[in-house]
J.: 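Here it is: the structure, laid out below.
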Amino acid sequence: MLFDMDGTLFDSEPLWDIAIEELAHEYGAPIAAEVRLAMVGRSVDESMVLFHDGIGQPWRDAAVSARWIYDRVAGLFATDLVWRPGARELLHEVRAAGLPTALVTSTNRQCVDVALDTLGRHNFDAVVCGDEVAFTKPHPDPYQRAAKLLGVDPAHCIAIEDSPTGVASALAAGARVIGIPNAVKLSPMTGLTLLTTLTGATLATLTLAAFPH
């Protein structure tokens with residue numbers, strides 16, 4: 001089982017909103033809601049281009065802005081992480097069943113290490129962060145790497161995702177995907193099963209949904 005983190009296991013997009021809005025305020029320009037939504041699930045490089053263009057300051061240094069945001073988010077992750085409904089229960093069931101499990105996120109290792117204190121490091125056999133792959137979501141690399149670290153075929157994996165970029169990444173890697181829309185809507189497509197919530201979802205029901213035949 002392959003789990004995305006932000007927006008999937010945790011309702012953490014509001015924490016990113018706080019950091020992004022605070023940095024926009026620091027730069028003296030507002031950030032439009034549609035620009036923020038476009039950043040969801042994207043790599044930090046893509047997000048910083050969208051952010052700087054969105055506030056009308058494309059000349060800003062992406063590395064400097066990314067560092068500021070990551071430092072702020074790491075602090076928020078230490079105190080304010082909230083599980084999405086049903087996510088913790090599903091993760092615990094998957095682990096109790098002994099299934100190989102990976103965390104696959106576009107977030108960098110600095111913030112993920114903080115989040116793992118809440119997630120439970122023992123709940124994952126592998127962790128793939130956005131700054132540890134050559135190409136992050138929507139490219140297939142993160143999910144391909146996770147499957148390789150687990151020693152399994154991506155075609156035998158179920159990925160749990162909330163964003164279009166994450167869904168695209170997992171599908172491109174060959175995994176079946178359970179989509180739990182959060183900040184951004186997901187469109188139906190082959191290989192994707194859409195649910196409104198993980199509340200009440202079990203390993204058996206998700207497996208049947210992802211592999212109906």
Side-chain angles (χ1 to χ4, degrees), residues 1-18 37 40-41 73 76-107 111-130 137-138 142-143 146-147 150 152 154-171 173 175-213:
M1 189 75 75
L2 311 174
F3 288 94
D4 172 54
M5 186 178 74
D6 292 299
T8 299
L9 288 175
F10 289 138
D11 189 18
S12 47
E13 291 299 343
L15 304 184
W16 290 95
D17 288 343
I18 290 171
L37 284 177
V40 173
V73 168
L76 292 168
F77 273 15
T79 56
D80 291 18
L81 281 174
V82 176
W83 289 88
R84 282 202 72 189
R88 177 163 42 186
E89 293 80 4
L90 176 62
L91 178 59
H92 288 171
E93 184 189 358
V94 168
R95 293 309 282 167
L99 288 185
T101 308
L103 185 67
V104 188
T105 175
S106 295
T107 297
C111 294
V112 173
D113 274 340
V114 176
L116 283 169
D117 289 338
T118 299
L119 283 168
R121 297 171 196 277
H122 61 283
N123 284 322
F124 302 97
D125 300 298
V127 176
V128 177
C129 302
K137 303 172 186 180
Y143 280 103
L150 295 179
V152 298
H156 299 155
C157 294
I158 297 175
I160 314 292
E161 270 285 356
D162 75 300
S163 72
T165 52
V167 169
S169 173
L171 289 175
R176 300 296 181 94
V177 185
I178 302 294
I180 316 294
N182 191 357
V184 182
K185 291 182 179 180
L186 295 177
S187 301
M189 60 186 71
T190 302
L192 171 66
T193 300
L194 291 173
L195 300 178
T196 56
T197 179
L198 287 176
T199 298
T202 66
L203 182 54
T205 60
L206 293 186
T207 300
L208 184 60
F211 299 97
H213 302 299

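Note that these values count all heavy atoms, side chains included, but never hydrogens, waters or copies made by symmetry.
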J.: Can you find a heavy atom in the side chain of N182 that is under 4.5 Å from one in the side chain of T8?
T.: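 Answer no - side chains too far apart.
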J.: Could you tell me which non-hydrogen atom of L171 sits nearest to which non-hydrogen atom of A175, and how far apart they are?
T.: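 The pair with the smallest heavy-atom distance is CD2-O, 3.7 Å.
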J.: With heavy-atom distances below 4.5 Å as the criterion, would you say the side chains of R88 and L91 are in contact?
T.: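 No. Closest side-chain heavy atoms not under 4.5 Å.
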J.: Could you give the distance from CG (D80) to OG1 (T118), rounded to the nearest 0.5 Å?
T.: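 If we round to the nearest 0.5 Å, D80:CG and T118:OG1 are 10.0 Å apart.
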J.: Working to the nearest 0.5 angstrom, can you tell me the gap between L90 CG and R84 CZ?
T.: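 Here the rounded value is 12.5 Å.
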J.: Do S163 and D4 have side-chain N/O donor and acceptor atoms under 3.5 Å apart?
T.: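 Looking only at side-chain atoms, D4 and S163 do not form any donor-acceptor pair under 3.5 Å.
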J.: Locate the shortest heavy-atom distance separating L150 from A126; write the atom from each residue and the value.
T.: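 Closest pair (atom of L150, atom of A126, distance): CD2-CB, 4.0 Å.
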J.: With side-chain contact (heavy atoms from CB on, under 4.5 Å) as the test, would you mind laying out the steps for I158 and I178 before giving the verdict?
T.: CA-CA 7 Å; I158 297 175; I178 302 294; 3.7 Å; yes
J.: Kindly compute the distance separating CG (L99) from CG (L2), expressed to the nearest 0.5 Å.
T.: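 So the CG of L99 and the CG of L2 are separated by 10.5 Å.
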J.: What is the minimum heavy-atom distance between V104 and K137, and which atoms define it?
T.: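 It is O-NZ, 2.8 Å.
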J.: Using the side-chain contact (heavy atoms from CB on, under 4.5 Å) rule, pick out the option among T105, V73, L15, L116 that qualifies with C111.
T.: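 So the option named by the test is V73.
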J.: side-chain contact (heavy atoms from CB on, under 4.5 Å), that's the test. Do T202 and E89 meet it? Break it down for me.
T.: CA-CA 9 Å; T202 66; E89 293 80 4; over 6 Å; no
J.: Heavy-atom distance under 4.5 Å between the side chains of L206 and I160, does that happen here?
T.: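 Sidechains of I160 and L206: in contact.
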J.: Which atom pairs, one a donor and one an acceptor, fall under 3.5 Å between side chains of residues 190-199 and the rest of the protein, sequence neighbours left out?
T.:
from: T193; atom 1: OG1; to: A209; atom 2: O; distance (Å): 3.2
from: T197; atom 1: OG1; to: T199; atom 2: N; distance (Å): 3.0
from: T197; atom 1: OG1; to: T199; atom 2: OG1; distance (Å): 3.1

J.: Does the side chain of Y143 come within less than 4.5 Å of P154's, by heavy atoms?
T.: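 The answer is no; the side chains never approach within 4.5 Å.
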J.: Among residues two or more places apart or on two chains, list those pairs meeting salt bridge (Lys or Arg N to Asp or Glu O under 4.0 Å) that have a residue in residues 111-130.
T.: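 Residue pairs passing salt bridge (Lys or Arg N to Asp or Glu O under 4.0 Å), neighbours aside: R95-D125, R109-D113, D113-R121, D117-R121.
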J.: Distance check, rounded to the nearest 0.5 Å: L186 atom CG versus D162 atom CG?
T.: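 Answer rounded to 0.5 Å: 7.0 Å.
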J.: Which pair of non-hydrogen atoms, one from P212 and one from R176, has the smallest distance, and what is that distance?
T.: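 Minimum heavy-atom contact is CD-NH1, 4.1 Å.
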J.: CG of D11 to CH2 of W83: how many Å apart, nearest 0.5 Å?
T.: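 D11 CG to W83 CH2: 13.0 Å, rounded to 0.5 Å.
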J.: Roughly how far, to the nearest 0.5 Å, is CE of M5 from CZ of F124?
T.: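 So the CZ of F124 and the CE of M5 are separated by 9.0 Å.
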J.: Can you tell if the side chain of W16 reaches within under 4.5 Å of the side chain of T107, non-hydrogen atoms only?
T.: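 W16 vs T107: side chains touch.
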J.: Looking at every heavy atom in both E93 and L203, which two are closest together, and how far apart are they?
T.: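 Closest heavy-atom pair between E93 and L203: OE1-N, 3.1 Å.
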J.: Could you check if a side-chain atom of F211 sits within less than 4.5 angstrom of a side-chain atom of H156, using non-hydrogen atoms only?
T.: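 They are not in side-chain contact.
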J.: Taking all heavy atoms of P100 and all of V152, pick out the closest pair and write down the distance.
T.: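 Heavy atoms of P100 and V152 come nearest at CG-CG1, 4.4 Å.
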